[in-house]
Amino acid sequence: MDRALSGKLEDLAPEVLLQLIASIGASGVLRLETRKKTVEICFTPEGVCVGSQSDLEDVGEVLDLSTGRYSFHPKEIESDPERVIIDSGEFLIAVRSFRKTGRASFASELDVESLISGHVMEIAGRIDRPEIHVLADVPVSDNPLEDLLGDLEATAPEELLMSTIGVITVDPRPWRSGLQREWKQRAWEIRFFGDPLDLPEEHFDLVVVYHQLSMTRVGSHEDWIRLVQGLVKRGVPVLWVGPLADPMWVARLVDAGVGFLLPPPQGDAGEAWKRFGGTLTQVAENLLVSAGRAGLENEAPPAIVELVDSLLHGAENEEAIASFLQLASAELQRGAILSVEPTRLRCRAGFGYSLLDGGASLPRGLGILERVIRTGDSYTSIDGRSAAARQLAGVLGVEDLPDDTVLIPLKHRESVVGVFVGDCEGASLPELKDIKLLAARLGGVFV
């Protein structure tokens, strides 16, 4: 890309911009324009170009400012034997030593003359840098974690958050032979009803009407239409399965607001039912996702979206995940990323936590995580004593988690595809505004 990427410092702080560009190993020039000063910082994949002490002082002063503009011009930086390039961590320590507030821990030990002359100090060995672990993205052994779900249903049902699906069918037996179990693994709870008048006036996330034969609706056409209209009015999507040979009836269902129409399978067992179950599950998932998209708008300003997308263009999955965790490690003592899969949440990467090998997983339906996935909201506290929190701690390789634990959704388009978990080992959490902003765009590294 030849043109500069620009935006406001109010959207992303100067220090976070430095960390973001450096962590991804981008090459180019970052320009920070404020009322007090304008500075330029040269980045190469190997590190940051160091200027004079005066240049470092100017950058340090700009770190404290939150108004102004930035622009980053991606380009290849020609090699120059006279240019001093240092690690981005050392560069940040150097410029922080000149900022007006919050002087770096190593400021008193900083030998700036040695730094800018190219005699890199042993500061790197004294910096407490967390080790980023990215677990291998390998298939996980099939473990529906039913025992854990069963224990929580018996001991702490209030800690579960299941999508409630009403299924209206004259014969629920084919559903109970396998599909009900599979849907439970997705945190979908089925409640069966026999006819349209049985469905209570309570919350459902989805309603499925299943008719194997057209005679099922004979004599009650208006009841079915009123049922569909009432559900649609309450914002509940309806999936209709039944014979579709009558175009007049299909038109009435469409007018009433049915979200999707499917023909029934040829039989209620065997391969035909298995194929039907797969299609039905996919359609149900699409309807549930569409119904929950209202709260999942991308919160990142367009300029940040463009910057992040451009910096990550061509980056490997593991590289992008590690970059985000490196940014988070500047604010938190521990952090981890869980990828959201249809039947589980799997630990993918982290720092500070022990992290179990092989990508340990949790079932869908745990309230503390499911709320993040459904709403797209961040949460800055949990009940560390809850059974679900203890299970989450076990996946991260620790005995327990503090109440001051943050849960941040990683979004991709209009879905949550990952959850970031982090804490300061019991200390109060910082604001994390910039981390949340980047997380609103970085979910795409999982897909």
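The residues of the chain are indexed from 1 along the displayed sequence.
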*Asks:* So among E182, E285, R364, which one has a side chain to side chain contact (heavy atoms under 4.5 Å, CB included) with W188?
*Replies:* E285
*Asks:* What pair of heavy atoms forms the shortest contact from P243 to Q212, and how long is it?
*Replies:* CG-O, 3.9 Å
*Asks:* What are the two closest heavy atoms between L396 and C347, and how far apart are they?
*Replies:* CD2-SG, 4.3 Å
*Asks:* Between F351 and S329, does the side chain to side chain contact (heavy atoms under 4.5 Å, CB included) criterion hold? Intermediate values first, please.
*Replies:* CA-CA 8 Å; F351 62 90; S329 70; 3.8 Å; yes
*Asks:* Rounded to the nearest 0.5 Å, what separation is found between the CG atom of L407 and the CZ atom of F420?
*Replies:* 10.0 Å
*Asks:* Taking atom NZ of K433 as the centre, report whether more than 12 heavy atoms of other residues, nucleotides or ligands fall under 6.0 Å from it.
*Replies:* yes
*Asks:* What's the shortest heavy-atom distance between L161 and G367, and which atoms?
*Replies:* CB-CA, 3.9 Å
*Asks:* Under the criterion side chain to side chain contact (heavy atoms under 4.5 Å, CB included), I'd like the reasoning laid out for L9 against T67: C-alpha separation, chi angles, the key distance, then a yes or no.
*Replies:* CA-CA 5 Å; L9 295 181; T67 58; over 6 Å; no
*Asks:* Quick one: does S220's side chain have a donor or acceptor within less than 3.5 Å of a partner on D223's backbone?
*Replies:* no
*Asks:* Run the salt-bridge test on R390 and E399 with the 4.0 Å N-O cut-off and return the result as yes or no.
*Replies:* no
*Asks:* Determine, stepwise, if the pair L20 / L307 fulfils side chain to side chain contact (heavy atoms under 4.5 Å, CB included).
*Replies:* CA-CA 10 Å; L20 176 63; L307 175 67; 4.2 Å; yes
*Asks:* Who passes salt bridge (Lys or Arg N to Asp or Glu O under 4.0 Å) against E158, sequence neighbours left out?
*Replies:* none
*Asks:* Just by modelled atom types, is the S71 backbone N or O under 3.5 Å from a matching donor or acceptor in the S6 side chain?
*Replies:* no
*Asks:* What is the distance from atom OG of S381 to atom CD1 of I368, rounded to the nearest 0.5 Å?
*Replies:* 11.0 Å
*Asks:* For P172, which of F193, Y210, F192 qualifies under side chain to side chain contact (heavy atoms under 4.5 Å, CB included)?
*Replies:* F192
*Asks:* T169 side chain to D171 main-chain N or O, any donor-acceptor pair under 3.5 Å?
*Replies:* yes
*Asks:* I need the T164 OG1 to L206 CG distance, nearest 0.5 Å.
*Replies:* 10.5 Å
*Asks:* Please examine the side chains of L5 and P74, heavy atoms only from C-beta on, and report whether any two atoms are closer than 4.5 Å.
*Replies:* yes
*Asks:* Report yes if the side chains of Y379 and V372 come closer than 4.5 Å at any heavy-atom pair, otherwise no.
*Replies:* yes
*Asks:* Tell me, with the steps shown, if Q229 and K233 meet side chain to side chain contact (heavy atoms under 4.5 Å, CB included).
*Replies:* CA-CA 6 Å; Q229 291 173 334; K233 187 176 181 180; over 6 Å; no
*Asks:* When you compare the side chain of V419 with that of I373, does any pair of heavy atoms fall below 4.5 Å?
*Replies:* yes
*Asks:* Can you tell whether the side chains of R252 and E222 come within less than 4.0 Å, N to carboxylate O?
*Replies:* yes
*Asks:* Do you know the tightest heavy-atom contact between A360 and V395?
*Replies:* O-CG1, 3.7 Å
*Asks:* Are D205 and V236 packed together at the side-chain level, in the sense that at least one heavy-atom pair is separated by less than 4.5 angstrom?
*Replies:* no
*Asks:* Looking at Q333 and G352, would you say the former's side chain and the latter's main chain have a donor-acceptor pair under 3.5 Å?
*Replies:* no
*Asks:* Check whether any side-chain heavy atom of D11 sits under 4.5 Å from a side-chain heavy atom of Y70, and report yes or no.
*Replies:* no
*Asks:* Can you tell me how far apart CG (D423) and OG1 (T405) are? Round to the nearest 0.5 Å.
*Replies:* 4.5 Å
*Asks:* Enter the distance from L401:CG to I382:CD1 here, rounded to the nearest 0.5 Å.
*Replies:* 5.0 Å
*Asks:* Of all heavy-atom pairs between S27 and F72, which one has the smallest distance, and what is that distance?
*Replies:* O-CZ, 3.8 Å
*Asks:* Has the side chain of E159 got a donor or acceptor atom that lies under 3.5 Å from a matching backbone atom of A388?
*Replies:* yes
*Asks:* Just checking, any donor-acceptor pair under 3.5 angstrom between side chains of S163 and R374?
*Replies:* yes
*Asks:* Quick check: do L332 and I435 have side-chain heavy atoms less than 4.5 Å from each other?
*Replies:* no
*Asks:* Look only at the side chain of E33 and the backbone of R69, and say whether a donor-acceptor pair between them is shorter than 3.5 Å.
*Replies:* no
*Asks:* So V238 and F204, do their side chains get closer than 4.5 Å, heavy atoms only?
*Replies:* no
*Asks:* Kindly indicate, with the supporting measurements, whether the criterion salt bridge (charged side-chain N to carboxylate O under 4.0 Å, His left out) is fulfilled by E189 and R191.
*Replies:* CA-CA 7 Å; E189 181 180 36; R191 295 181 58 191; over 6 Å; no
*Asks:* Quick one, W249 and I225 - any side-chain contact, counting heavy atoms below 4.5 Å?
*Replies:* yes
*Asks:* Can you tell me how far CG of L366 sits from CG of L392, rounded to the nearest 0.5 angstrom?
*Replies:* 8.5 Å
*Asks:* Return the minimal non-hydrogen interatomic distance between S361 and R344, and the atom names on each side.
*Replies:* OG-NH1, 3.4 Å
*Asks:* Between side-chain atoms of residues 254-282 and protein atoms elsewhere (two or more places apart, or another chain), which donor-acceptor pairs fall under 3.5 Å?
*Replies:*
from : atom 1 : to   : atom 2 : distance (Å)
T279 : OG1    : R275 : O      : 3.3
T281 : OG1    : W183 : NE1    : 2.9
T281 : OG1    : G277 : O      : 2.8
Q282 : NE2    : N286 : OD1    : 3.1

